[in-house]
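Got a structure for you, written out below as structure tokens; questions coming shortly.
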Amino acid sequence: FYHMDLYGSKERFDIFPKELSRQGDQSQGDMRRESALSNEKFQRSQEAGYDLEKEVAELAKMYGLDEDREKELELLGGHLEMAESRWPPAHTEKAGSQGSIYNPSKSSSPVKDRSQSTKQQALPREASQDEDQSKARAEDEAESHICSRDGLSSSGMSDEWSSQAVSEEEEAADVFCCTCKMPIRAFDKLFGEHKDHEVARLPSAVESEKEEIHKNMCKLEEQIAQMENFASHLEEIFITVEENFGRQEQNFEVHYNDAVQVLAQKYEEQLEALGEEKRQKLEALYGQLVSCGEHLDTCKELTDRTQELFLENDKANFMKVKSFNYIYFFPYNYRLKEFLKKEVDLELSTQPDFEERVIDFSEVEQLMNSINTIPAPSAPVINPQAPNAATGTSLRVCWGLFSDDTVESYQLCYKPVSNERHSDEQAEHTLKVKETYCTITNLLPNTQYEFWVSASNVSGTSPPSEKAVYVTAPSPPTIKSKKIRSCENAALVCWESRDINPVDSYTVELSKLTDEENGDIITESIVGIPNCEVLIHLQPAQSYRICVRALNLGGSSERSEPVLVHTTGTYFCLNEDTAHPLLAILDDGFTIACDELENPECDLPVYDNSFTRCIGILGSLIPFPGKHYWEIEVEEDTEYRIGVAFENTPRHGYLGANNSSWCMRHIITPSRHKYEFLHSGMTPDIRITIPPRRIGILLDYENCRLSFFNADIAQHLYAFKSHFQHYVHPCFALETPGTLRIHTGIAVPPWTAL
């Protein structure tokens, strides 16, 4: 535990106190006895070393450590070196000079450090002694010093063993304890506390742990994605709440402003009416007041005049009164009587009280109530159809609202789209839903539907939305298994749609059949196919399961019924529409037969593409470059023609009689079986001694060759050398009653190359 640089300098003598040396001298007797015991321990450890080597060998074989011999030697070497470290000092130094991995100078044992310090402190003590000291005394001191060092070395052996074990356990872990879930040494499996535990190879355990961590990381990423989506949804809700609050606050402000405006208008109207009533009252009272004043003046004038008459002495004048420049010749008393006869109106023309006016607050109340009344919703808006949101019989329709209206329910209406004139007569369907989406079922595949929706609440129903057109997914296509052609590295797959309306594209899914377990695992998908056929490149000598899906805007259809395609050889089928009316195709689809030939040009109904003279048939086109091989099983007494022909070969002629067909012809003559290899009506002079019963045909597009073989004896019969400008069809014909059996899917035999 001290810095190692101190052991190479003079300061090393100052590390330990000098008392340690005296303590070492006092224990010399004990050290000699321990040295003797250490020799016995070494002998026992040496015997144990042979058993250890055997156990380590078994352990290496059990856990596959045979390749790593260095691990085994390290385990054995470490144990033996520790045993060797218990030898006397001379042997220990020898082992150290050979490069032992356990160097005593690097040990962390304090006891061993003290032994070294004791040895080093004895050196200056010996140097300071007198040169005349006796030789015997010097030898005794050296012997006691060596014994002291041996004792200290043996006493520190247990500490070295423990530190070495810890170091080895940390550095040499090569297996994994499944019970304790920790890496350990293979040595501990035999001798340590993990002896009865289940262990595994460390690389396997690491890979397993990495896979488990990867799975957990995937789960953690899914949770993170879910939480992020939820947090995003919460943010949207938060923003929506803020927007709704702003709209509601604005709505309240508008309604309250309207109510205040109505109240102000009512106040102005009532105040104006009250002022008009006041004016009328004052005018009436003022007129009555003026009339009273005039009447009062007249009364005062009469009173004064009467008083003057009473004072008049002339009796004649008293009786004759002049008034208002008029001379009245009647007595004044008469006038006074006439004036008093007039009634004086002492009633008020108007009352000082105002009428009690009742203010009509109905309009204000209506406005106030409209604040708490839910308005009728506005027209919803249907979202465009989302991709892959439909199946062949169902659709998912979504819609929304421009404003924050309160809606209790929606009415979703739909009907199929028709291009006919009476499209309005299509039956309409109505659904009542609570959410802003709905899944409609029981629909027709690959069919367009019109949808519109309206919203409702207690205040009313909104106008209907604009109509939106949705389309259901197509029906699964039907693969034409009889039209499939394949070779060793490709296949041509054909299918047909089951829908009336066209689809956008098709997808072909392949699954390689290596065993029964992974037959449904899609290994490849070919997308964006516009037509109902596709040429697929495959691997030789394999089997594939092929399915087809149809796609449109609504989504993908279900998988079609699968078909098996083999690439062990060339597969083709017979085109029934090219067959002569007298030629029959048996149930296996690869055997043709003809029972009668009395009237080859018969009146039976024929197709436009059928042979009319030659009783023949074409196989399906072979559109693959390279080599293609098939065989025909024939009867010895049957006349026939077999070979290849172009698509445009004349249907009213014979195979081989034109430049668009190449064939081998078999004719039975009275003397022999005659074989002709016809092209443009010409044949070489070839004699075949052994009539073939199984004929092999090899079509080689690249080398421009068409070869015929006797497959039973691997005999080459003839080869046409011709440049095929187009792909060709296999062709077959019967000239006498009999049968031909065609065999496809055969790998090219190796003897064809010879």
Side-chain angles (χ1 to χ4, degrees), residues 218-219 221-230 232-233 236 380-401 410 412-419 429 431 433-453 465-479 493 495-511 518-534 536 544-563:
C218 292
K219 294 180 181 179
E221 290 176 357
E222 291 179 358
Q223 292 183 1
I224 291 174
Q226 292 177 358
M227 293 304 296
E228 288 179 350
N229 293 336
F230 183 70
S232 177
H233 181 65
E236 294 178 357
V381 179
I382 295 185
N383 301 335
Q385 183 174 7
N388 301 321
T391 65
T393 58
S394 65
L395 282 171
R396 182 181 175 87
V397 183
C398 302
W399 59 87
L401 295 173
Y410 297 92
L412 178 65
C413 303
Y414 67 94
K415 68 177 181 179
V417 176
S418 177
N419 295 327
H429 304 272
L431 297 175
V433 294
K434 294 289 187 180
E435 297 80 11
T436 57
Y437 59 88
C438 181
T439 301
I440 302 94
T441 57
N442 299 324
L443 303 177
L444 298 177
N446 199 28
T447 304
Q448 291 183 340
Y449 288 86
E450 282 184 334
F451 290 89
W452 62 96
V453 65
S465 65
E466 295 290 335
K467 292 183 178 180
V469 177
Y470 280 53
V471 60
T472 53
S475 301
T478 302
I479 298 179
V493 183
W495 61 87
E496 62 181 358
S497 175
R498 294 165 51 188
D499 299 319
I500 300 176
N501 299 324
V503 300
D504 295 340
S505 64
Y506 296 92
T507 297
V508 175
E509 298 177 347
L510 310 176
S511 57
N518 63 352
D520 293 333
I521 299 177
I522 303 301
T523 57
E524 183 179 357
S525 294
I526 304 173
V527 300
I529 303 172
N531 303 320
C532 290
E533 66 176 25
V534 64
I536 310 171
Y544 294 87
R545 178 178 285 125
I546 298 179
C547 301
V548 181
R549 295 178 185 264
L551 289 86
N552 62 9
L553 179 61
S556 173
S557 70
E558 298 294 330
R559 293 179 184 173
S560 65
E561 290 295 328
V563 295

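Only a predicted model underlies this, so the values are computations on that prediction, with no experimental measurement involved.
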* With Ser475, the side-chain hydrogen bond (donor to acceptor under 3.5 Å, both in side chains) member among Asp499, Asn446, Thr393 ->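 With Ser475 as partner, side-chain hydrogen bond (donor to acceptor under 3.5 Å, both in side chains) holds for just one option, Asp499.
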* Provide the closest heavy-atom pair for Thr478 versus Arg498 in the form atom of the first, atom of the second, distance. =>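 In this case the closest contact between Thr478 and Arg498 is OG1-CD, 3.2 Å.
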* Under the 3.5 angstrom rule, does the side chain of Thr436 hit a backbone N or O of Gly400 as a donor-acceptor pair? ->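 Such a contact is absent between Thr436 side chain and Gly400 backbone.
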* To do: Identify the heavy atoms of Ala473 and Ala390 that sit nearest to each other, and give their distance.
  =>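 That closest heavy-atom pairing would be CB-O, 3.9 Å.
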* To do: Report yes if the distance between the aromatic ring centroids of Tyr506 and Trp495 is under 6.0 Å, otherwise no.
  =>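 Yes.
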* In Å and rounded to the nearest 0.5 Å, what is the OG to CD distance from Ser525 to Glu509? ->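 Here the rounded value is 4.5 Å.
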* With the side chain counted from C-beta on, respond yes when Cys532 and Pro477 share a heavy-atom pair under 4.5 Å apart, and no when they do not. =>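 They are not in side-chain contact.
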* Asked: Side chain of Ser465, backbone of Ile382: donor and acceptor closer than 3.5 Å?
  ->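 Side chain of Ser465 to backbone of Ile382: no pair is present.
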* To do: Would you check if Leu412 and Ile440 make a side-chain contact, meaning some heavy-atom pair closer than 4.5 Å?
  =>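 Side chain of Leu412 against side chain of Ile440, heavy atoms only: contact under 4.5 Å found.
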* To do: Only one of Asp504, Leu551, Val503 passes side chain to side chain contact (heavy atoms under 4.5 Å, CB included) with Pro474; say which it is.
  =>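 The single option meeting the side chain to side chain contact (heavy atoms under 4.5 Å, CB included) with Pro474 is Val503.
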* Asked: Has the side chain of Asn552 got a donor or acceptor atom that lies under 3.5 Å from a matching backbone atom of Gly554?
  ->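 Yes, Asn552 side chain to Gly554 backbone: donor-acceptor pair under 3.5 Å.
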* **Validation row: Leu444, Pro416 side chains within 4.5 angstrom (heavy atoms)** =>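 Leu444 vs Pro416: side chains apart.
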* Asked: How far does CH2 of Trp452 sit from NZ of Lys415, to the nearest 0.5 angstrom?
  ->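 One gets 5.0 Å once the value is rounded to the nearest 0.5 Å.
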* Asked: Which distance, rounded to the nearest 0.5 Å, do you find between the CD of Glu561 and the SG of Cys547?
  ->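 Answer for the CD-SG pair, Glu561 versus Cys547, is 8.5 Å.
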* With rounding to the nearest 0.5 Å, note down the distance linking CD in Glu496 to OG in Ser560. =>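 Glu496 atom CD to Ser560 atom OG measures 11.5 Å (nearest 0.5 Å).
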* Straight-line distance of Gln385 CD to Cys398 SG, nearest 0.5 Å ->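 Answer for the CD-SG pair, Gln385 versus Cys398, is 10.0 Å.
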* Apply side-chain contact (heavy atoms from CB on, under 4.5 Å) to the pair Thr507 and Ser556, showing each step before the final yes or no. => CA-CA 9 Å; Thr507 297; Ser556 173; over 6 Å; no
* To do: Kindly check if the number of other-residue, nucleotide or ligand heavy atoms within 6.0 Å of CD (Glu558) is above 12?
  =>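 Atom CD in Glu558 is not packed in, count stays at 12 or less.
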* **Shortest non-hydrogen contact between Tyr437 and Arg396, atoms and distance** =>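 Shortest heavy-atom separation between Tyr437 and Arg396 comes out as CD1-NH2, 3.6 Å.
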* **Nearest heavy atoms of Tyr449 and Val417, plus distance in Å** =>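 Taking every non-hydrogen atom into account, C-CG2, 3.8 Å.
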* To do: Taking Thr447 for its side chain and Pro445 for its backbone only, find out whether a donor-acceptor pair lies under 3.5 Å.
  =>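 It does hold such a pair.
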* Asked: Val534 and side chain to side chain contact (heavy atoms under 4.5 Å, CB included): which partner among Val508, Val548, Ile546?
  ->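 Exactly one option meets the side chain to side chain contact (heavy atoms under 4.5 Å, CB included) with Val534, and it is Val508.
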* **Shortest non-hydrogen contact between Gly555 and Asn388, atoms and distance** =>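 Nearest pair, atom of Gly555 first, then Asn388: CA-OD1, 3.4 Å.
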* What closest approach, in Å, do Glu435 and Trp399 show between heavy atoms, and which atom pair accounts for it? ->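 Where Glu435 meets Trp399 most closely, the heavy atoms are O-CZ2, 3.1 Å.
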* Quick one: CZ on Phe451 to CG on Asn383, what's the gap to the nearest 0.5 Å? ->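 Nearest 0.5 Å value for the CZ-CG distance: 13.0 Å.
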* Asked: Taking side chain as C-beta onward, heavy atoms only, is Ile529 less than 4.5 Å from Ser505?
  ->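 With C-beta onward as the side chain, the pair stays apart.
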* Report yes if some heavy atom in the side chain of Thr441 is under 4.5 Å from a heavy atom in the side chain of Ser394; otherwise report no. =>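 Side-chain contact under 4.5 Å: yes.
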* Asked: Do the rings of Tyr414 and His429 sit parallel, tilted or perpendicular, given the 30° and 60° boundaries?
  ->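 Geometry flag for His429 against Tyr414: parallel rings.
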